[in-house]
Amino acid sequence: MVTAFVNGQYLPLAEARVSPMDRGFLFGDGAYEVIPVYSRRPFRVDEHVARLASTLAAMRLNNPHTAQAWKAIIGEIVARNPWEDQSVYLQVTRGADSKRNHAFPGPEVQPTVFLMSEPLVTPGAEQLARGVAAVSAADIRWLRCDLKTVSMLANCLLRQHAIDNGCAETVLFRDSFLTEGAASSIFVCKDGVLLVPPKSHLMLPGITYDVVLELARSRGMWHEVREVLEAEVRSADELWMTSSTKEVLPITTLDGRPVGSGEPGPMGRQMYAWYQDFKLTVMRNG
Ligand code: PDD
């Protein structure tokens, strides 16, 4: 049985209810986070809670909980669910008004808070050994992709485009520049240098993106944070997708053509090893 949290109450997920008048349902008017949990310890939880706070502030939605209260709720959801490794999903919407109105409701309408958890399934040995296939597409999303909102139609269409083509991810280009994946950050390796676009309104500030850059910095992998041209992606030696659930996963074909040798490369293998090592250190030290 999966335990969920809805507006202050812990209950079985199957019994969780929200109103059809909820603005998350009617307008996609909400924020979310996905937090990986290893050995029952949430990974980078302060950073996830801080990113939620930034999304809510940009949405002009009062944060219903302090960082400390969020961490307590996340901890309780982890404790009440059966898996050692979990993926905690957290969502806040602008609540349920009595009428449908694009403009914000009054202060009497409280935000809806929902959390649930699923087993965390990170890429397996075979996927890591082979890498995954990706397709590319124009980034058709809006101009505030830095906000982690539940208005996800474009991301869903773009991820389904990958699935329809037998691929794992869609790599997005806007005006011939790399932005990110449909649900991941994208890193490029060329001539021994790790390249990634700088944070902007056009991409999500990934928590895994930050960990990867910290590891590159601290362990001495040559890297550049700068705009990356579509042509550089297409001539890359290695491509990786990174996210809280995929960790660091090599992309070995793009639009049916091999990336570099067509096999996972040495920089990706190195970063994957550093990431696993860092994860274990964090899990040991809390
Ligand atoms: N998605 N970019 C987009 C558009 C994403 O949806 C995600 C993550 C990322 C990577 O962010 P992070 O490293 O903080 O997980 C980048 C989550 C996992 C999801 O929607 O399920």
Side-chain angles (χ1 to χ4, degrees), residues 24 28 30-38 42-55 58 70 74 85-92 114-123 132 134-163 168-174 177-188 196-216 225 228 233 239-249 251 271-272 274-276 278-279 282:
Y32 81 103
E33 282 294 324
V34 176
I35 305 156
V37 174
Y38 301 104
F43 184 65
R44 293 259 150 158
V45 66
D46 289 324
E47 288 79 358
H48 281 280
V49 168
R51 185 172 64 185
L52 174 70
S54 322
T55 301
W70 278 121
I74 293 162
D85 292 353
Q86 303 183 25
S87 169
V88 171
Y89 178 81
L90 182 169
Q91 175 174 328
V92 184
F114 168 61
L115 284 89
M116 66 164 177
S117 188
E118 297 178 322
L120 177 63
V121 183
T122 53
V132 294
V135 280
S136 67
D139 194 341
I140 55 170
R141 301 173 304 163
W142 70 330
L143 299 176
R144 290 307 304 271
C145 295
D146 56 320
L147 306 181
K148 202 159 175 64
T149 77
V150 297
S151 311
M152 294 283 282
L153 175 59
N155 299 71
C156 293
L157 288 168
L158 290 165
R159 178 53 78 84
Q160 188 58 37
H161 176 61
I163 305 306
E169 183 57 303
T170 301
V171 175
L172 305 177
F173 298 113
R174 199 189 280 268
F177 286 96
L178 171 66
T179 53
E180 58 180 343
S184 62
S185 309
I186 302 289
F187 285 82
V188 177
V196 76
K199 288 180 187 172
S200 73
H201 283 180
L202 302 182
M203 61 183 270
L204 189 78
I207 306 293
T208 321
Y209 167 109
D210 281 341
V211 175
V212 166
L213 280 181
E214 279 172 39
L215 289 168
V225 179
V228 180
V233 175
L239 289 181
W240 319 333
M241 58 187 283
T242 74
S243 79
S244 293
T245 50
K246 302 292 182 198
E247 301 183 333
V248 179
L249 182 60
I251 293 172
M271 185 54 72
Y272 178 83
W274 286 340
Y275 193 86
Q276 297 306 315
F278 178 74
K279 229 170 73 179
V282 172

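Every number for a ligand or one of its atoms is a count from 1 in the order of the listing.
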Between Lys279 and Glu247, does any NZ, NE, NH1 or NH2 come within less than 4.0 Å of an OD or OE carboxylate oxygen? yes

Is it true that Asp146 and Arg144 make a salt bridge, defined as a side-chain N closer than 4.0 Å to a carboxylate O? yes

Measure from the side-chain N and O atoms of Arg51 to the backbone N and O of Leu204, and report whether any donor-acceptor pair falls under 3.5 Å. no

Examine distances only and state if a side-chain atom of Thr170 and a backbone atom of Leu158 form a donor-acceptor pair shorter than 3.5 Å. yes

Give me the residue, atom name and distance of the protein heavy atom closest to [atom].
| atom | answer |
| --- | --- |
| atom 1 (N) of ligand 1 | Lys148 NZ, 3.3 Å |
| atom 13 (O) of ligand 1 | Thr208 OG1, 2.5 Å |
| atom 21 (O) of ligand 1 | Val34 CG2, 3.6 Å |
| atom 6 (O) of ligand 1 | Ala183 CA, 3.4 Å |
| atom 20 (O) of ligand 1 | Tyr32 OH, 2.7 Å |

Please tell me if the side chains of [X] and [Y] come closer than 4.5 Å, counting only heavy atoms from C-beta onward.
| X | Y | result |
| --- | --- | --- |
| Leu202 | Phe177 | no |
| Leu90 | His48 | no |
| Thr245 | Val121 | no |
| Tyr209 | Glu180 | no |
| Tyr275 | Thr208 | yes |

What about [X]: any of its N or O atoms under 3.5 Å from an N or O on ligand 1?
| X | result |
| --- | --- |
| Ser244 | yes |
| Thr242 | no |
| Leu204 | no |
| Arg51 | yes |
| Glu180 | yes |

Within less than 4.0 angstrom of ligand 1, does Ala182 place any heavy atom? yes

Could you list the atoms of ligand 1 found under 4.0 angstrom from a heavy atom of Asn155? 4 (C)

Counting heavy atoms only, which of Ala154, Ser184, Pro205, Gly181 comes nearest to atom 9 (C) of ligand 1? Ser184

